[in-house]
K.L.:
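Below you'll find the structure I mean.
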Amino acid sequence: MSDQPLDISHDQHAVRLSKLAEMRAAGIDPFRAEFQTTHFSDAARRAYVDGQDYTVKVAVAGRLVVIRDMGKSQFVKIFDQQSGGAEGPLQLYVKKDLVGDESYAAFKKLDLGDILGAEGTLFKTKTGEITVRVDRYVLLAKALRPLPEKWHGLSDPEQVYRQRYLDLIVNPESRSRLLLRSRIVSHVRRFLEDRQFVEVETPVLQSVAGGAAARPFTTHHNALGMDFVLRISLELYLKRLLVGGIDRVFEIGRNFRNEGISRRHNPEFTMLEVYQAYSDYRGMMGLVRELLLSLCQTVLGTTRIRHAASGQDIEFAGEWREVPYRDLIREATGDADWFKRSKAEKIAGAEALGLKVDPSWEDFEVTNEIFSKRIEPGLIQPTFVTHLPRELCPLAKLNREDPTVLDVFELTIGGMEIAPAYSEQNDPLEQRRMFEAQAGGEQQNVDQDFLFALEHGMPPAGGMGIGIDRLCILLTGAESIRDVILFPQLRTTPAP
RNA sequence: GGGCUGAUAGCUCAAUGGUAGAGCAGCGUCCUUUUAAGUCGUUGGUUCUGGGUUCGAAUCCCAGUCAGCCCA
């Protein structure tokens with residue numbers, strides 16, 4: 001072995017570990033330091049009084065993201081929860097003759113990424129930036145790993161998703177998009193609570209995966225010796241609560257579907273479901289329109305949003321188009337008698353529209369393929385597609401005049417299904433027939449406990465679901481569901 | 001599940017089949033109002049993994065891993 005110390009200057013992790021060891025040798029443990037803040041960065045800037053430099057005292061803390069060392073003084077910037085706006089991280093000014101020689105020498109050894117607290121007074125620099133002139137600082141946590149590059153940020157999509165914490169630090173667009181999601185969810189809650197809706201939590205572990213058609217995740221409870229599924233929908237438990245007299249009820253919760261992953265699908269996703277007794281699908285139209293309008297106004301500050309994929313602006317104010325499903329199909333196929341055609345004719349019609357159709361599909365599935373592939377993607381402006389064929393959802397009421405269709409709508413915006421809503425089926429006998437037809441004789445797939453609850457009487461009600469992730473895609477202009485989920489599902493790999 | 005594309009320094013990216021480079025970050029120096037600060041110098045590579053072709057592979061071929069996009 002050589003007596004020469006190894007050159008570790010190229011290995012940033014090793015350099016930082018050795019800086020930490022030096023500090024500890026000098027009796028300083030930066031992970032045990034304490035500090036009380038008085039302001040977030042934005043509040044500190046607001047606390048500045050024009051023309052009154054060095055009078056207002058603040059204590060701020062955050063992550064060091066910029067260092068401009070000028071020898072005997074430095075400008076640095078710290079990043080905290082509130083520094084995501086236009087002004088960005090808060091600037092600190094550290095002068096050797098103010099903090100003292102020893103403290104200044106230690107400051108020079110700090111690294112980008114370190115978390116520190118600083119006390120000082122506010123002033124405005126020559127170029128007009130409100131800055132904290134530091135009297136005292138404390139290192140609160142040493143960062144042993146370097147941050148991504150300051151100008152280009154983190155752009156490798158894999159790292160953006162796997163190391164979201166870095167994405168949040170260095171990519172302001174990611175940060176504001178994901179924080180916007182929090183504001184959207186928060187506003188949805190407030191909107192519904194203002195209208196006397198009660199928020200509840202229902203079981204995620206269920207013995208029957210009801211309320212939707214999807215493959216569930218399965219798991220096992222050891223003590224009970226029972227298999228469970230993770231819920232694929234919130235619907236059947238919320239309806240039990242309608243039976244229980246909670247007339248306006250909602251849940252914002254995670255559903256799990258054991259299916260493909262794509263730009264529009266994550267195996268776990270967030271649904272809002274709302275039920276209102278003594279209302280119906282038409283009542284839900286008003287509710288969802290008001291909700292989205294107020295979301296746009298309060299969260300985005302505009303009712304018009306840019307839809308990049310189509311190049312159109314989506315306008316939320318004004319009347320929303322309302323059109324029966326069958327009219328859209330007749331229009332798309334150019335066949336006024338579409339619904340009188342045989343299955344073979346429908347398959348031919350779908351193929352004429354360039355669709356691949358599985359001959360084993362049912363009639364209505366062939367037609368619905370046309371809807372989801374050729375019609376829905378073109379519905380950019382908010383559109384209520386009403387009166388879907390009865391085969392498409394077994395939990396809604398049949399239309400009184402035309403019992404082949406349902407009293408339901410699907411709200412479509414930006415080519416995406418945003419909110420389905422029903423006049424909820426509350427006839428327990430009819431509900432049982434629908435379930436049994438859907439289960440195809442597999443009784444274990446019928447939620448008997450729910451049907452038993454319905455037999456006690458559920459008030460007539462309107463119900464609606466909103467996929468929160470898709471709503472966020474729409475309102476934030478994101479390209480993928482992964483961009484509105486903090487930690488999207490990826491294959492697990494060993495830590496780097 | 002199928003197709004296409006990609007993986008090079010901590011990060012962002014270069015590199016006709018012929019010595020793997022740059023910017024930022026790091027390390028060392030100068031600078032007490034900077035704004036992607038500036039200045040001078042400088043370290044750093046299992047080119048995703050494993051095979052193959054070739055005198056020679058980051059580059060071509062095969063297999064795999066991971067990711068993105070499209071399709072189912």
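In the text below, chain A, chain B and the rest are named by the order of the sequence lines, each starting its count at 1. All heavy atoms count here, side chains included; hydrogens, waters and symmetry mates do not.
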K.L.:
Between B/G10, B/G44, B/C31, which one does the side chain of A/H10 approach most closely?
P.N.:
B/G44

K.L.:
Tell me the ring pair (Phe, Tyr, Trp, His ring centres under 6.0 Å) pairs involving residues 348-378 of chain A, sequence neighbours left out?
P.N.:
A/Y325-A/F371

K.L.:
Mind jotting down which residue pairs meet the salt bridge (Lys or Arg N to Asp or Glu O under 4.0 Å) criterion with at least one end in residues 152-173 of chain A? Sequence neighbours excluded, please.
P.N.:
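Of all non-adjacent pairs touching residues 152-173 of chain A, those that pass salt bridge (Lys or Arg N to Asp or Glu O under 4.0 Å) are A/E158-A/R162, A/R164-A/D167.
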
K.L.:
Within the 4.5 Å heavy-atom criterion, are A/E273 and A/S233 side-chain neighbours or not?
P.N.:
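Touching, per the 4.5 Å side-chain cut-off.
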
K.L.:
For B/G1 versus B/A57, give the span between their C1' atoms, rounded off to a whole number of Å.
P.N.:
33 Å

K.L.:
Walk me through whether A/D80 and A/S41 qualify under side chain to side chain donor-acceptor pair (under 3.5 Å).
P.N.:
CA-CA 7 Å; A/D80 68 16; A/S41 54; 2.8 Å; yes

K.L.:
Reading RNA chain B 5' to 3', how would its secondary structure be written in dot-bracket notation, given Watson-Crick and G-U pairs with both distances under 3.5 Å, brackets [ ] for crossing pairs and | for partners on other strands?
P.N.:
(((((((..((((....[..)))).(((.(.......).))).....(((((..]....)))))))))))).

K.L.:
How close or far is atom P of B/A67 from atom CG of A/D156, stated in whole angstroms?
P.N.:
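Computing the A/D156:CG to B/A67:P distance gives 11 Å.
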
K.L.:
Can you name the atoms? Protein N/O to nucleotides 33-36 of chain B N/O, anything below 3.5 Å, with the distance.
P.N.:
| from | atom 1 | to | atom 2 | distance (Å) |
| --- | --- | --- | --- | --- |
| B/U33 | O2' | A/K126 | NZ | 2.9 |
| B/U33 | O2 | A/K126 | N | 3.0 |
| B/U33 | O4 | A/Y54 | OH | 2.8 |
| B/U34 | O2' | A/R68 | NE | 3.3 |
| B/U34 | O2 | A/R68 | NE | 2.9 |
| B/U34 | O2 | A/R68 | NH2 | 3.3 |
| B/U34 | O2 | A/Q91 | OE1 | 3.3 |
| B/U34 | N3 | A/Q91 | OE1 | 3.0 |
| B/U34 | N3 | A/Q91 | NE2 | 3.0 |
| B/U34 | O4 | A/Q91 | NE2 | 2.7 |
| B/U34 | O4 | A/T125 | OG1 | 2.9 |
| B/U35 | O4' | A/R68 | NH2 | 3.4 |
| B/U35 | O2 | A/R68 | NH2 | 3.4 |
| B/U35 | O2 | A/K77 | NZ | 3.3 |
| B/U35 | O2 | A/E129 | OE1 | 3.0 |
| B/U35 | N3 | A/E129 | OE1 | 2.7 |
| B/U35 | O4 | A/T125 | OG1 | 3.0 |
| B/U35 | O4 | A/T127 | OG1 | 2.1 |
| B/A36 | N1 | A/W151 | NE1 | 3.2 |

K.L.:
Are A/D50 and A/K124 close enough for a salt bridge, meaning some N to O gap below 4.0 Å?
P.N.:
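Here A/D50 pairs with A/K124 in a salt bridge, since their nearest N and O are under 4.0 Å apart.
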
K.L.:
Taking the six-membered ring of A/Y54, is NZ or CZ of A/R133 closer than 6.0 Å to its centre and within 45° of its axis?
P.N.:
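Flagged: A/R133 positioned over aromatic ring of A/Y54.
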
K.L.:
Considering only heavy atoms, which members of residues 483-492 of chain A lie under 4.0 Å from some atom of RNA chain B?
P.N.:
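Contacts with RNA chain B under 4.0 Å: A/L490, A/R491.
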
K.L.:
With heavy atoms under 4.0 Å as the rule, sort A/G260 into base, sugar-phosphate or nothing.
P.N.:
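No contact.
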
K.L.:
Roughly how far apart, to the nearest Å, are B/G23 and B/U42 at atom C1'?
P.N.:
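15 Å, rounded to whole Å.
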
K.L.:
Roughly how far apart, to the nearest Å, are B/G21 and B/G64 at atom P?
P.N.:
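It works out to 34 Å between them.
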
K.L.:
Using the six-membered ring wherever Trp is involved, compare the ring planes of A/Y93 and A/F123 and label them parallel, tilted or perpendicular (cut-offs 30° and 60°).
P.N.:
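Correct class here is tilted.
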
K.L.:
Any chance you could measure A/I347, atom CD1, to A/E351, atom CD, to the nearest 0.5 Å?
P.N.:
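Result: 7.0 Å between the selected atoms.
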
K.L.:
Which residue lies toward the 5' end of RNA chain B, A/S155 or A/Q12, if each is placed at its nearest nucleotide?
P.N.:
A/S155

K.L.:
From A/L411 CG over to A/T383 OG1, what is the distance, rounded to the nearest 0.5 angstrom?
P.N.:
7.5 Å

K.L.:
When the C1' atoms of B/U47 and B/C13 are considered, how many whole Å apart are they?
P.N.:
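Approximately 14 Å lies between the C1' atom of B/U47 and that of B/C13.
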
K.L.:
Would you kindly give the NZ-to-P distance between A/K108 and B/C27, to the nearest whole Å?
P.N.:
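Rounded to whole Å, this separation is 12 Å.
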
K.L.:
Got a salt bridge between A/R330 and A/D327, using NZ or NE/NH1/NH2 to carboxylate O under 4.0 Å?
P.N.:
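Yes, charged N to carboxylate O under 4.0 Å.
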
K.L.:
Round to a whole Å and report the spacing from OH of A/Y104 to P of B/C31.
P.N.:
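About 10 Å, once rounded to whole Å.
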
K.L.:
Heavy atoms only, 4.0 Å cut-off, all strands: where does A/R162 land among base, sugar-phosphate and nothing?
P.N.:
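Here A/R162 touches the backbone only, sparing every base.
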
K.L.:
Using a 4.0 Å heavy-atom cut-off, does A/K109 contact any base of the nucleic acid, only the sugar-phosphate backbone, or nothing at all?
P.N.:
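Contact class for A/K109: none.
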
K.L.:
Could you tell me whether A/R341 and A/D363 make a salt bridge, using a distance below 4.0 angstrom between a side-chain N and a carboxylate O?
P.N.:
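No, this pair does not count.
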
K.L.:
Taking the P atom of each, how far is B/G45 from B/C11, in whole Å?
P.N.:
15 Å

K.L.:
Rounded to the nearest 0.5 Å, what separation is found between the CE atom of A/M416 and the CG atom of A/L474?
P.N.:
5.0 Å

K.L.:
Taking only the C1' atom of each, what is the distance from B/C24 to B/U19 in whole angstrom?
P.N.:
25 Å

K.L.:
Enumerate the protein-to-nucleotides 69-71 of chain B contacts in which both atoms are nitrogen or oxygen and the separation is below 3.5 Å.
P.N.:
| from | atom 1 | to | atom 2 | distance (Å) |
| --- | --- | --- | --- | --- |
| B/C69 | OP1 | A/R482 | NH2 | 3.4 |
| B/C69 | OP2 | A/R482 | NH2 | 2.3 |
| B/C70 | OP1 | A/R263 | NE | 2.9 |
| B/C70 | OP1 | A/R263 | NH2 | 3.2 |
| B/C70 | OP2 | A/R263 | NE | 3.0 |

K.L.:
When the distance from CD of A/Q74 to P of B/C31 is rounded to whole Å, what number comes out?
P.N.:
13 Å

K.L.:
Just how far, in rounded Å, is C1' of B/G10 from CG of A/D114?
P.N.:
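Computing the A/D114:CG to B/G10:C1' distance gives 15 Å.
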
K.L.:
With a 4.0 Å cut-off, would you call A/E119 and A/R136 a salt bridge?
P.N.:
yes

K.L.:
Take the protein atom NE2 of A/H13 and the nucleotide atom P of B/U43, then report the distance between them rounded to whole Å.
P.N.:
24 Å

K.L.:
When the ring planes of A/W320 and A/F384 are compared, do they come out parallel, tilted or perpendicular, using 30° and 60° as the limits?
P.N.:
tilted

K.L.:
Report the distance from atom CG of A/D69 to atom C1' of B/U32, rounded to the nearest whole Å.
P.N.:
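Spelled out: CG on A/D69 to C1' on B/U32 is 11 Å.
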
K.L.:
Expressed as a whole number of angstroms, how long is the span from A/L154:CG to B/A9:C1'?
P.N.:
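It is 16 Å, rounded to the nearest whole Å.
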
K.L.:
Testing the 3.5 Å rule here: is there a donor-acceptor pair between the side chains of A/E102 and A/Y104?
P.N.:
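Their side chains do not contain a donor-acceptor pair, so the 3.5 Å distance test is not met.
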
K.L.:
Considering only atom C1', compute the distance from B/U5 to B/A9 and round it to an integer number of Å.
P.N.:
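Between the two C1' atoms, the distance is 24 Å.
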
K.L.:
With heavy-atom distances below 4.5 Å as the criterion, would you say the side chains of A/R181 and A/D469 are in contact?
P.N.:
yes

K.L.:
Quick check: on RNA chain B, is the nucleotide nearest A/K72 upstream (toward 5') of the one nearest A/L147, or the reverse? Name the residue that is more 5'.
P.N.:
A/L147

K.L.:
Between B/A20 and B/U46, how far is it from one P atom to the other, in whole Å?
P.N.:
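Looking at atom P only, B/A20 and B/U46 are 14 Å apart.
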
